[in-house]
Amino acid sequence: MRKQIAAANWKMNLTLQQGEQLIDELFKTSYSLNENRQVVFGTPFPYLTAINAKIAGKANVSVAAQNCSDKKSGAYTGETSVEMLKSIAIPYVILGHSERREYFNESNVQLAQKVDICFEYGLKPIFCCGESLSIREAGTQNSFVEEQLKESLFHLTTEQITGFVIAYEPIWAIGTGKTATSEQAQEMHAHIRKVLAAKYGNGVADTISILYGGSVKAANAKEIFGQPDVDGGLVGGASLIPAEFTVIINSLK
Ligand code: 13P
(Lines give C-alpha, C1' and ligand atoms only; values in the text may rest on other atoms or scores of the structure.)
Protein backbone atom coordinates (compact mmCIF):
# COMPACT_ATOMS: atom_id res chain seq x y z
CA MET A 1 0.00 0.00 0.00
CA ARG A 2 1.32 3.45 -0.84
CA LYS A 3 1.96 5.94 1.95
CA GLN A 4 -1.01 7.81 3.39
CA ILE A 5 0.13 11.23 4.55
CA ALA A 6 -1.35 14.02 6.66
CA ALA A 7 0.88 16.99 5.84
CA ALA A 8 0.49 20.27 7.70
CA ASN A 9 1.36 23.45 5.85
CA TRP A 10 1.69 26.14 8.50
CA LYS A 11 2.41 28.74 5.78
CA MET A 12 3.50 32.05 7.38
CA ASN A 13 1.63 31.44 10.62
CA LEU A 14 2.54 30.87 14.30
CA THR A 15 5.50 31.96 16.37
CA LEU A 16 7.98 29.23 17.30
CA GLN A 17 6.44 29.05 20.78
CA GLN A 18 2.94 28.66 19.33
CA GLY A 19 4.17 25.98 16.94
CA GLU A 20 5.86 24.05 19.74
CA GLN A 21 2.73 24.31 21.87
CA LEU A 22 0.63 23.07 18.97
CA ILE A 23 2.83 20.00 18.61
CA ASP A 24 2.81 19.39 22.38
CA GLU A 25 -0.98 19.46 22.34
CA LEU A 26 -1.15 17.23 19.31
CA PHE A 27 1.15 14.65 20.89
CA LYS A 28 -1.12 14.55 23.95
CA THR A 29 -4.10 13.52 21.82
CA SER A 30 -4.58 10.03 20.56
CA TYR A 31 -3.67 9.61 16.94
CA SER A 32 -2.58 6.46 15.26
CA LEU A 33 0.34 6.13 12.85
CA ASN A 34 2.15 3.19 11.30
CA GLU A 35 4.50 2.51 8.40
CA ASN A 36 1.80 3.49 5.92
CA ARG A 37 0.44 6.47 7.82
CA GLN A 38 2.71 9.48 8.16
CA VAL A 39 2.50 13.01 9.49
CA VAL A 40 4.60 15.84 8.07
CA PHE A 41 4.86 19.35 9.55
CA GLY A 42 5.61 21.99 6.92
CA THR A 43 7.01 24.74 9.13
CA PRO A 44 8.59 28.14 8.40
CA PHE A 45 12.36 27.98 7.77
CA PRO A 46 13.46 29.45 11.14
CA TYR A 47 11.69 26.70 13.10
CA LEU A 48 12.81 23.65 11.12
CA THR A 49 15.64 22.69 13.46
CA ALA A 50 13.60 23.24 16.62
CA ILE A 51 10.59 21.32 15.33
CA ASN A 52 12.80 18.55 13.98
CA ALA A 53 14.29 18.20 17.48
CA LYS A 54 10.83 18.23 19.02
CA ILE A 55 9.57 15.34 16.92
CA ALA A 56 12.79 13.31 17.31
CA GLY A 57 12.00 9.75 18.26
CA LYS A 58 8.35 9.97 17.13
CA ALA A 59 7.85 7.23 14.59
CA ASN A 60 6.45 8.25 11.20
CA VAL A 61 6.50 11.98 11.94
CA SER A 62 8.69 14.30 9.82
CA VAL A 63 9.18 17.95 9.01
CA ALA A 64 9.12 19.70 5.64
CA ALA A 65 10.44 23.03 4.43
CA GLN A 66 7.86 25.06 2.49
CA ASN A 67 10.22 26.03 -0.33
CA CYS A 68 13.84 25.93 -1.46
CA SER A 69 16.00 27.82 -3.93
CA ASP A 70 16.33 26.75 -7.56
CA LYS A 71 20.04 27.55 -7.28
CA LYS A 72 22.55 25.36 -5.49
CA SER A 73 24.50 28.13 -3.73
CA GLY A 74 25.89 31.59 -4.26
CA ALA A 75 25.00 35.25 -4.04
CA TYR A 76 21.23 34.95 -3.64
CA THR A 77 20.49 36.97 -0.53
CA GLY A 78 17.59 35.62 1.49
CA GLU A 79 17.37 32.28 -0.30
CA THR A 80 17.65 28.83 1.28
CA SER A 81 19.36 26.04 -0.60
CA VAL A 82 18.55 22.35 -0.59
CA GLU A 83 22.04 21.63 0.68
CA MET A 84 21.33 23.85 3.70
CA LEU A 85 18.14 21.90 4.38
CA LYS A 86 20.02 18.64 4.06
CA SER A 87 22.66 19.89 6.51
CA ILE A 88 19.95 20.25 9.18
CA ALA A 89 18.41 16.84 8.33
CA ILE A 90 15.17 18.00 6.72
CA PRO A 91 13.67 15.15 4.68
CA TYR A 92 10.82 16.88 2.77
CA VAL A 93 10.28 20.11 0.81
CA ILE A 94 6.89 21.40 -0.32
CA LEU A 95 7.39 22.64 -3.89
CA GLY A 96 5.22 24.65 -6.25
CA HIS A 97 2.50 25.65 -3.83
CA SER A 98 -0.02 27.82 -5.68
CA GLU A 99 0.78 30.73 -3.35
CA ARG A 100 4.41 30.56 -4.46
CA ARG A 101 3.40 30.21 -8.11
CA GLU A 102 1.07 33.21 -7.80
CA TYR A 103 2.98 35.62 -5.52
CA PHE A 104 6.54 34.65 -6.41
CA ASN A 105 6.01 33.76 -10.07
CA GLU A 106 7.32 30.23 -9.80
CA SER A 107 7.12 28.51 -13.17
CA ASN A 108 6.91 24.84 -14.10
CA VAL A 109 10.44 25.03 -15.54
CA GLN A 110 11.85 26.58 -12.36
CA LEU A 111 10.10 23.90 -10.32
CA ALA A 112 11.70 21.21 -12.46
CA GLN A 113 15.07 22.66 -11.40
CA LYS A 114 14.07 22.62 -7.74
CA VAL A 115 12.91 19.01 -8.05
CA ASP A 116 16.26 18.05 -9.58
CA ILE A 117 18.27 19.70 -6.82
CA CYS A 118 16.12 17.92 -4.21
CA PHE A 119 16.96 14.58 -5.84
CA GLU A 120 20.62 15.46 -6.02
CA TYR A 121 20.73 15.98 -2.26
CA GLY A 122 18.25 13.24 -1.35
CA LEU A 123 15.33 15.39 -0.16
CA LYS A 124 11.78 14.36 -1.03
CA PRO A 125 9.61 16.93 -2.77
CA ILE A 126 5.90 17.24 -2.02
CA PHE A 127 4.98 18.62 -5.41
CA CYS A 128 1.87 20.82 -5.60
CA CYS A 129 -0.36 21.25 -8.62
CA GLY A 130 -3.88 22.53 -9.16
CA GLU A 131 -6.03 24.86 -11.19
CA SER A 132 -7.63 28.28 -10.61
CA LEU A 133 -11.37 28.87 -10.52
CA SER A 134 -11.42 30.27 -14.07
CA ILE A 135 -9.73 27.12 -15.40
CA ARG A 136 -12.19 24.93 -13.48
CA GLU A 137 -15.10 26.96 -14.87
CA ALA A 138 -13.73 26.60 -18.38
CA GLY A 139 -13.54 22.82 -17.81
CA THR A 140 -9.86 22.59 -18.78
CA GLN A 141 -8.51 21.56 -15.34
CA ASN A 142 -7.36 18.11 -16.47
CA SER A 143 -5.11 19.35 -19.24
CA PHE A 144 -3.86 22.25 -17.09
CA VAL A 145 -2.74 19.94 -14.25
CA GLU A 146 -1.32 17.46 -16.76
CA GLU A 147 0.84 20.25 -18.20
CA GLN A 148 2.11 21.20 -14.72
CA LEU A 149 3.16 17.60 -14.09
CA LYS A 150 4.70 17.09 -17.52
CA GLU A 151 6.78 20.27 -17.44
CA SER A 152 8.08 19.82 -13.91
CA LEU A 153 8.29 16.06 -13.39
CA PHE A 154 8.34 14.07 -16.61
CA HIS A 155 12.09 14.30 -17.04
CA LEU A 156 12.47 12.19 -13.87
CA THR A 157 13.55 8.58 -14.12
CA THR A 158 11.26 5.73 -13.10
CA GLU A 159 13.44 5.20 -10.06
CA GLN A 160 13.14 8.85 -9.02
CA ILE A 161 9.37 9.06 -9.41
CA THR A 162 8.65 5.80 -7.61
CA GLY A 163 7.19 6.67 -4.20
CA PHE A 164 6.96 10.38 -5.11
CA VAL A 165 4.44 12.65 -3.34
CA ILE A 166 2.09 14.96 -5.26
CA ALA A 167 -0.46 17.31 -3.71
CA TYR A 168 -3.46 18.30 -5.80
CA GLU A 169 -4.69 21.63 -4.49
CA PRO A 170 -7.44 23.35 -6.49
CA ILE A 171 -6.75 27.06 -5.90
CA TRP A 172 -10.44 27.84 -5.57
CA ALA A 173 -10.61 25.55 -2.53
CA ILE A 174 -7.58 26.92 -0.67
CA GLY A 175 -8.46 28.92 2.42
CA THR A 176 -11.93 29.55 1.04
CA GLY A 177 -13.86 26.99 3.06
CA LYS A 178 -15.05 25.74 -0.34
CA THR A 179 -13.79 22.15 -0.51
CA ALA A 180 -13.80 20.13 -3.70
CA THR A 181 -16.40 17.39 -3.39
CA SER A 182 -14.98 13.95 -2.80
CA GLU A 183 -16.08 13.10 -6.37
CA GLN A 184 -14.18 16.09 -7.81
CA ALA A 185 -11.08 15.14 -5.79
CA GLN A 186 -11.26 11.48 -6.83
CA GLU A 187 -11.80 12.44 -10.48
CA MET A 188 -8.68 14.61 -10.59
CA HIS A 189 -6.56 12.19 -8.54
CA ALA A 190 -7.53 9.35 -10.88
CA HIS A 191 -6.64 11.57 -13.83
CA ILE A 192 -3.23 12.39 -12.32
CA ARG A 193 -2.56 8.70 -11.69
CA LYS A 194 -3.60 7.88 -15.26
CA VAL A 195 -1.22 10.50 -16.65
CA LEU A 196 1.59 9.09 -14.48
CA ALA A 197 0.74 5.55 -15.54
CA ALA A 198 0.83 6.49 -19.23
CA LYS A 199 4.37 7.74 -18.78
CA TYR A 200 5.79 5.40 -16.13
CA GLY A 201 3.45 2.38 -16.08
CA ASN A 202 0.69 1.33 -13.68
CA GLY A 203 3.04 -0.27 -11.19
CA VAL A 204 4.99 2.97 -10.66
CA ALA A 205 1.87 5.19 -10.69
CA ASP A 206 0.45 3.02 -7.92
CA THR A 207 3.38 3.86 -5.62
CA ILE A 208 2.85 7.63 -5.87
CA SER A 209 0.98 9.24 -2.98
CA ILE A 210 -1.44 11.90 -4.20
CA LEU A 211 -2.62 14.19 -1.41
CA TYR A 212 -5.64 16.48 -1.63
CA GLY A 213 -5.38 20.07 -0.35
CA GLY A 214 -7.99 22.81 -0.05
CA SER A 215 -10.12 23.41 3.05
CA VAL A 216 -9.55 19.93 4.46
CA LYS A 217 -10.94 19.82 7.99
CA ALA A 218 -12.04 17.32 10.62
CA ALA A 219 -15.57 17.30 9.23
CA ASN A 220 -14.63 16.33 5.64
CA ALA A 221 -11.30 14.47 5.89
CA LYS A 222 -12.72 10.96 6.23
CA GLU A 223 -14.93 11.31 3.18
CA ILE A 224 -12.18 12.81 1.00
CA PHE A 225 -9.39 10.48 2.19
CA GLY A 226 -11.74 7.53 1.68
CA GLN A 227 -11.58 7.97 -2.10
CA PRO A 228 -9.48 5.26 -3.74
CA ASP A 229 -6.92 7.64 -5.34
CA VAL A 230 -6.69 10.11 -2.43
CA ASP A 231 -3.75 9.27 -0.18
CA GLY A 232 -4.19 11.90 2.51
CA GLY A 233 -4.05 15.67 2.58
CA LEU A 234 -1.97 18.83 2.58
CA VAL A 235 -3.70 20.92 5.20
CA GLY A 236 -3.43 24.64 5.89
CA GLY A 237 -5.83 26.29 8.34
CA ALA A 238 -7.05 23.15 10.09
CA SER A 239 -3.47 21.98 10.75
CA LEU A 240 -3.09 24.94 13.15
CA ILE A 241 -5.79 23.54 15.46
CA PRO A 242 -4.66 20.40 17.35
CA ALA A 243 -8.15 18.94 17.79
CA GLU A 244 -8.86 19.35 14.06
CA PHE A 245 -5.53 17.96 12.90
CA THR A 246 -5.82 14.91 15.17
CA VAL A 247 -9.12 13.97 13.53
CA ILE A 248 -7.54 14.57 10.11
CA ILE A 249 -4.62 12.24 10.95
CA ASN A 250 -7.03 9.60 12.18
CA SER A 251 -9.02 9.89 8.94
CA LEU A 252 -6.12 8.51 6.88
CA LYS A 253 -6.76 5.11 5.34
P1 13P B 1 -6.33 25.38 3.59
O2 13P B 1 -6.38 24.00 4.21
O3 13P B 1 -6.23 26.47 4.61
O4 13P B 1 -7.42 25.57 2.59
O5 13P B 1 -4.96 25.45 2.78
C6 13P B 1 -4.64 24.42 1.90
C7 13P B 1 -3.26 24.58 1.48
O8 13P B 1 -2.91 25.50 0.77
C9 13P B 1 -2.28 23.61 1.98
O10 13P B 1 -1.07 23.72 1.32
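Every number for a ligand or one of its atoms is a count from 1 in the order of the listing.
Taking the charged nitrogens against the carboxylate oxygens, Asp206 and Arg2 do have a contact shorter than 4.0 Å, which makes a salt bridge. With respect to Lys217 and Glu244, no salt bridge is recorded, no charged nitrogen being found less than 4.0 Å from a carboxylate O.
At a 4.0 Å cut-off, at least one heavy atom of Ala173 sits close enough to ligand 1 to count as contact. In this structure, Ala238 does not count as a contact residue of ligand 1, since none of its heavy atoms falls inside 4.0 Å of the ligand. For Gly213, the closest heavy-atom approach to ligand 1 does not fall below 4.0 Å. Under a 4.0 Å heavy-atom criterion, Lys217 is not in contact with ligand 1.
Of all the heavy atoms of Asn9, the ones lying under 4.0 Å from any atom of ligand 1 belong exclusively to the side chain.
Within 6.0 Å of NZ on Lys253 lie more than 12 heavy atoms contributed by other residues, nucleotides or ligands.
Here the side chains of Ile208 and Tyr200 are not in contact, with every heavy-atom distance at 4.5 Å or above. Between Pro91 and Val63, the closest side-chain pair of non-hydrogen atoms falls below 4.5 Å.
Applying the 4.0 Å criterion to heavy atoms of Gly214 picks out, from ligand 1, the atoms 4 (O), 6 (C). Of all the atoms in ligand 1, the ones that sit under 4.0 Å from a non-hydrogen atom of Leu234 are 9 (C), 10 (O).
Between the side chains of Gln148 and Asn108, no donor N or O sits under 3.5 Å from an acceptor N or O. A donor atom on one side chain and an acceptor atom on the other are not found under 3.5 Å apart for Gln17 and Tyr47.
Of all protein heavy atoms, the one closest to atom 3 (O) of ligand 1 is Gly237 N, 2.8 Å. Closest protein heavy atom to atom 5 (O) of ligand 1: Lys11 NZ, 3.3 Å. Given atom 2 (O) of ligand 1, the protein heavy atom at minimum distance is Gly236 N, 2.9 Å. At the top of the distance list for atom 9 (C) of ligand 1, counting protein heavy atoms only, stands Glu169 OE2, 2.8 Å.
For the pair Lys71 and Tyr76, the cation-pi test (distance below 6.0 Å, angle within 45°) is passed.
For ligand 1, the polar-atom distance check against His97 finds a nitrogen or oxygen pair separated by under 3.5 Å.
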